[in-house]
Each structure stands twice: as structure tokens, then as C-alpha cells.
Amino acid sequence: MYEMWAESDPAVEPSGLVWHVVSKDDASTALCGQLLELSRRVVPNGLDGPAGVPDRYCDPCLVTVRETMAAAR
């Protein structure tokens with residue numbers, strides 16, 4: 001089972017969010033290998049983000065999920 005983890009994305013100006021995929025079995029590392037620190041986690045409420053700045057999704061995390069789901073077929 002997986003969950004999503006949002007962090008501030010410094011690559012976007014004004015700062016947006018980047019979402020990583022995390023296994024519930026090991027929430028210390030995203031599927032892309034990035035270490036996750038609780039102090040960097042953002043819990044968006046839909047009101048704080050700047051208008052017009054879309055969230056990003058971590059491509060390597062999503063590729064891993066896609067490959068896992070394809071292998072389960």
C-alpha cells in the first residue's frame with residue numbers, strides 16, 4: 001500500500017509542492033530513493049498554495065508504482 005507525501009518544491013517559483021509516493025511499510029524513503037524528513041513535509045489544505053501554481057508529482061516515484069502495478073497483472 002502507498003501514500004502520497006508533499007514537500008515544498010524549491011525548483012518552482014513561487015514555491016509549489018512536489019508529491020512523492022511512499023510505501024506504508026517504510027515511510028522514511030520515497031520510492032524514488034529520496035530520504036523523507038518530517039520537518040519538510042507539507043500538509044496542504046488547499047488554501048495556502050499560491051494561485052495558479054500547479055503541484056508536481058515525482059516522475060521516478062510514479063514510474064515505480066506503474067511498474068509494480070504492471071508486474072502484478
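By convention here, the first residue in the shown sequence is residue 1.
- Counting Ile, Leu, Val, Met, Phe, Trp and Tyr side chains that sit under 4.5 Å apart, directly or through other members, L38 shares a hydrophobic cluster with W5, V22, L36.
- Rounding to the nearest 0.5 Å places CD of E37 at 8.0 Å from CD of E7.
- L62 and W19 fall within a single hydrophobic cluster, where Ile, Leu, Val, Met, Phe, Trp and Tyr are joined by side-chain heavy atoms under 4.5 Å apart, directly or via other members.
- One distance of note links CE of M4 with SG of C61; it measures 7.5 Å at 0.5 Å rounding.
- Tracing side-chain contacts under 4.5 Å through hydrophobic residues (I, L, V, M, F, W, Y), one reaches V21 starting from M69; they form part of the same cluster.
- Taken from CG in L31 to OH in Y2, the straight-line distance is 5.5 Å, to the nearest 0.5 Å.
- Taken to the nearest 0.5 Å, the CZ atom of R40 stands 8.5 Å off from the CG atom of L35.
- A heavy-atom distance below 4.5 Å is found between the side chains of V42 and L17.
- Partners of D59 by side-chain contact (heavy atoms from CB on, under 4.5 Å), not counting sequence neighbours: none found.
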Inset, instruction - Using the side-chain contact (heavy atoms from CB on, under 4.5 Å) rule, take Y57 and H20 through it: C-alpha gap first, then chi angles, then the decisive distance, then the call. - result: CA-CA 6 Å; Y57 295 87; H20 291 281; over 6 Å; no

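- Listed by chain and residue number, nothing satisfies the side chain to side chain donor-acceptor pair (under 3.5 Å) test with R41 (two or more places apart in sequence, or in another chain).
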